[in-house]
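Following: one structure in structure tokens, then a few remarks.
Numbered from 1 within each chain, the chains take letters A, B, ... in sequence-line order.
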Amino acid sequence: MRKNLVLALAMFASLSIWAQNTVKGVVKIGGTSEPAVGAVVTLQGQNASAVTNAKGEFVIQATKPGDEVLTIVQDGYDVTSRSIAISNLATLDLGEVVLVSKEAELKADLTEEMFLATSDVEFDDEDGLSSQSISGVLYSRGDVFSGAASYSFSPVRYRLRGYAQSYESTYINGVNFNDQERGRFNYSSLGGLNDASRNKEIVTNYTPNNYTYGNIGNSTNIDMRASTYAKGTKLGLAGTNRSYWLRAHATYATGILDNGWAFAGSMAYRWSQEGIQEGTFYNSGAYFLSAEKIFNPRHSLSIVTYGAPTERAGSSALTQETVDLRSIYYNPYWGYQNGKKRNSRVVHSYDPTAIVSHDWKISETQRLRTGLGAHYSMYSNSALTFYNASDPRPDYYRNLPSYQTDGKWRYDAGLDQFVADMSITNLDLYNEMTDLWTSGDLGTTQIDWDALYRANYANNNNNGDNPLSMAKYMVERRHNNLLEGALNSVYKQTFNDEQLTLVAGFDAKYTKGVHYKTVDDLLGANQWVDIDPFSDRDIADLAENVGLTQAEIANVRQNDVDNPDKVVKEGDVFGYKYDINVYKASAFAHNEWDFNHWQFYYGLKATYSLFNRYGYMENGRAVYLSNLLSMQSGTPVKIISKGHGVNHSFIDPSVKAGATYNFNGHNRLAVNVLAETRAPLASSYYVSQRISDRSVDVFYNKTGNALADYYGTSEKILAYDLSYIATYPRVRARLSLYRTQSLDGIEQTGYYNDEYRTFINQVMIGVDKVYQGAELGASVKLNSSFTLSGVLALNDAHYTDNAVGIESAENGMKLDGESLEIKDNILIKDIKVASGPQLAANVKLNYFHQKMWFADISINYFDKNYLRISPSRFSQGIITGERADGSIPNLVYPDEVATAMTAQESLVSKNIYERFLVDVSVGKLIYLKKGGAININLSVSNVTNNTGMKTGGYQTGRIPTVNRVSPTPGQQETDIFVVSNVQKYPAKYYYAWGTNFFLNIGYRF
Amino acid sequence: MKSINKFIVICLTLLTLVLSACHQYEPVPQTGYVKEADAWKATYTIGQLVDTYLSVNGDIFPVRENDLSKDLSSNTGVFSLDTLPALNADGSNAIIIRGRIVSEDVAGNIYKTLVIQDELHPEQGLKLSIDAGSLSGIYPIGQLVAIRCNGLVLGKYAAQVQLGVAYFNTDKEPDWQPGATGSKVGWEPGRIPLPIFKKKVQLIEVPDKSKLVAEDMEVSTITGWVAPYYTPSEAGYKSIAQLASRFVRLKNVYFTQRSGGPGTAEDDYTYTVKPICELPAPIDTTEAGLAQWRQKASIFAPESYKSQGYPQSRDIATVGEPTKWVSISTSEYAKFAEATIPSPIYDAPVSGANVVGQFQGDIIGIIGVYCDKGKNVGYMNESWSITLRSLKDLELRATADGYYRIGQTAGLESFVPVKTGDLWHADDVFYPKY
């Protein structure tokens, strides 16, 4: 009876007749965009209640105004309660109220920890410039699809639909935090603050929502306003065997106090002496403070600050050989110093952030939320460098047994193709080297720090012969900092009782990427001199063509021509120093029409962006390149190295539309489409950003059509998808089919070439890709205890056309003996995008017992994972013998091997058991008599200890060559170098960890 | 409020933990070398090592050889390898030599090589082939080392003895000449992989350059060491080995401005070197032809066609005795490869001026030998060479006031004034700076 009365009241309320004493809101399942259907919402003091409808909406008519407590109850979720103040002047709109699943609460930590652990490694390997990290959606636990799979998919670097991180957006309190330089969100900035960042609102792709236009991947808004934290204290202690061993954290929230203030604070600490990867350590603290003042039902102001100062040591991707000789936990970056382990790659990161946000409920139907955020991300990574000394890396290819094998091509009749001949010609040497490696001889497998110090001391004493006494070995630190300020403002208005919703927003952002190197540790030496240690070899070479004097050529090695041979000591800046400035402003609006069965929306966005480079040093190589290009073209060409570079600006429109048909409240069909252009990311727009301002736009062919030329360098995207979603009490399922086409993307890679001792930059422009496939997620409640869920993601992400590549060496040397920059077509049509496993499947069985026991077991299968190719190995010149511009390269694949060399390597193990990962977890929630609760959760990942799963990897750019073999007997040599010993520079892989566990104990009171 | 206090206490504890756990590394102390008391004792001198183990043909077959029809047991070819027995389980047959490093590769003239002189007999030198570049970093000049040679090989390459490993080379030699069959597959003395070398070497005490001994030597001693026409024999090779790799100070020498011998012959193997601005115009202007033309420039090591890496030679001779000459052999990858060799002293800073003097004095270097039976049979006296570590090894002084050439182009900037007795110095850019 009461229910009917409530429903009647609800109907009345929906007609907007009685605005006063009304409370309404939308209840969502925590961490997803799914509505909570059939939840019971009660006003405790008045015994009035309502039940949420298919969209999670509820309206309660209170009998009197004043302070009240509202509770929301649904099976499987924590009871949520809120202190509210009911007004007789206007309806109290609570907005979204999030239900937290008990189990999700317990597992939340684990998911986020797993995510952070895996995202670190790849990011570090590329010195923080990688935009290829794993998918942020796994951090957010979206809908049934991601929710079921997020924990298990993190370790394999799964990327939702294969999208890059710049296709996903992350907001905090409504302010966008994707950095403008690389397009990614720094998850490490929140390191350990899982409690504080628990409250998330996910937007699937670009569907209508309250705070953003959306992105082709998902968007997440983390709500850190103090009022959203449940009152009380939480303490937690965890033990694990991953990157760190121990984690401690404490969170305290006051809830909304009588005076309208709310406070919340959190601290966390993670530590290990040595992580699961040899020689790594972890030391990270995090803090979070949030204060909110609710002035009145209309205005509230929130201030949030957080940061996570972290120091940790890294590891690297490994070749198959080193894994076979040692294990997947081998790390070439460490060695003993004075009896203690020392790692050469130590990351320092700290990203203090502050956000001020204001929420103005202008009226019952209008709301304006504005946020201002700023953060300064300090990220640096150290590395060993050397000059006039032998390579200190233990895994240098000459130090491995494989160097003693033949490795040449031979024809295999059985396979009817050419294979690399791994026959061992120098067996004794091979065996001796193998013994050194397998026995773990420290002088062979790890860095010998003592020897590096000795070399430096001997060098110090040899000053007579070496007046500038440059260190033989030293540790440098590469800094990639980011200063950002962002302003977001979103206005929402509903019409006709929410039949029409208008959301319009504006955001402006300024980003300054600060890049430089410092001397970290001189290892006993007196000093370092700021020259490029690796441009020596080509000084004589460069003399020939350009008509410069020897002294002018010698300038090429100067990193800072205005301060030649600058002496630097610990802490001094050297090598390069430049800023990338990015300015962006955008405005969007979308309309959503909501009828009984139909919803449809359309939206429009325009973005203006501008970026430039500002250099603080005049690099000798840029000067040389200017001279060379001037001579070649006959007109003066100035490559800007120091000072203001060219401004690159873009105006990018975006349109979207979509519709959803609701069959009966339980089933719906949704279709979405988006078309837009995107400005290129500043980090990939420069040919050699450490050296000069030279940007890739000079390499685009002009068509003559002004519009086409203007948008030539922008990425063009067309995305559409179709989803079927079923939401029944016992069954939830989603099936999506999608296709996203991207034209004219830019990809920046690079590799270190040992022989030339320089970093080679490779940029690919005109990159066309498609991401298409299907996602199926289903969750079935078998009975009150068991739930079975499953996920299947089938993706096909590949390049749809060839691209154009530009390769250049940072030390200014002539690649191929001829040119400073080589431009050629890269034949990557139909090559797969390296974006994690493109087939991922998961089946999970959940168990829940009334006595608050939780357990689950999940079995995961991964397939279709491909190695990231190196453009240098796929260039037209090397494959066909003639480059796009008609020139003949020095390096060509012999016909018989071209097929093998141009096949993309699959990362998937031939052994089918190595494609599975099995995870198990168990937990218990204990309610204490005096109040409070203790939760204990143990999860074990990869229980079968599968150490044979490659999760990612990249092809090395360096190609093995041999000099001057004439292909035709009796013919004078024709300058064609033939590839041999093809396995000499093998690919490097990342592996999923073996069995690892996480034990978490939490106390809440 | 009580819970706030508890919370604050916990936070402070966490903060202290973070701050105290930062990683600092204690620098390694300046010791770290093996003490003499703990070092391996020598069981052979270098001379004894060569005497005991070197043979004409070696004991590993087949060696790399152009002509497969040759009788390999006689091995009149270029390569040979003599195995040094593996270490017994009880270590009783340890072959340990001790010497001080005389080579330095900072100037780029020495590559993947160490040369040591015996600790007790500095006139005995040995070349070590190690597969790592810039060895002087961790094996600096003046460092006393003990090397356990068991399992390595004593190899010969064109009569030059070196300590290395047995390496089977499968690269086929290119056949440049029409009709040649080119196939040089076989064993050769190879470079010791660095991880293996590290296990066989001890660095004893701090390096001390002052303990190096450069034996005074006359050019004629070198050129007269072995009879000019000789048949290779065990005694002959051992005799060559006694001089090769010796660290010497050549007395009273000067640069003759010739390559390949004195006289008036002018071909691709024997010619006068001249500054580029004074060379006759090249006839063959292809890339190969230009490189061949540039071979005759008066610099230490002109770049060869396609950077083949063959060292180039410039002759020095005893003052007053131009027929007693030997070549200074320099790699085209040396940092001073493009430096102008010590030129005559002129009365005016122009081409064609009168010669009024020259630079003469001492040259320090390491003796090397290359006697490729195929080409130079009978020319043993031309097979010796001197390798400089850097330009500082040239201690030549001017005999007159005037100008000498420092650059290869015509014009004032290519000359530098000099006074009698001044030390010769090339352009600053050729001295290793860092």
- Item | Portion of A:Asn456 that has a non-hydrogen atom of chain B nearer than 4.5 angstrom | neither
- Message: Any carboxylate oxygen within less than 4.0 angstrom of a Lys/Arg side-chain nitrogen, looking at A:Arg393 and A:Asp391?
- Response: yes
- Verify, without hydrogens or angle tests, whether B:Tyr111 (side chain) and B:Asp105 (backbone) share a donor-acceptor contact under 3.5 angstrom. no
- Would you sort out whether A:Val347 and A:Glu311 count as a side-chain contact (heavy atoms from CB on, under 4.5 Å), showing the intermediate values? CA-CA 6 Å; A:Val347 169; A:Glu311 186 193 28; over 6 Å; no
- Atom group of A:Tyr287 that falls short of 4.5 Å from chain B, counting heavy atoms: neither
- Message: Please tell me whether A:Tyr403 and A:Tyr396 form a close aromatic pair, meaning their ring centres lie under 6.0 Å apart.
- Response: no
- Region of B:Ala337 that comes under 4.5 Å of a non-hydrogen atom in chain A: neither
- Side chain, backbone, both or neither: which part of B:Val106 has a heavy atom under 4.5 Å from chain A? both
- Query: Taking 4.0 angstrom as the limit, do A:Asp532 and A:Arg557 come out as a salt bridge?
  - Reply: no
- Task: Determine the option with the most heavy-atom pairs under 4.5 angstrom with chain B, choosing from A:Thr310, A:Asp441, A:Leu523.
- Result: A:Asp441
- Message: Quick check for you: among A:Leu436, A:Leu452, A:Asp448, A:Thr445, which has the greatest number of heavy-atom pairs under 4.5 Å with chain B?
- Response: A:Leu436
- Looking at A:Asp450, A:Asp521, A:Leu429, A:Val346, which one has more heavy-atom pairs under 4.5 Å with chain B than the rest? A:Leu429
- For B:Glu104 and B:Arg389, indicate whether the former's side chain and the latter's backbone hold a donor-acceptor pair under 3.5 Å. no
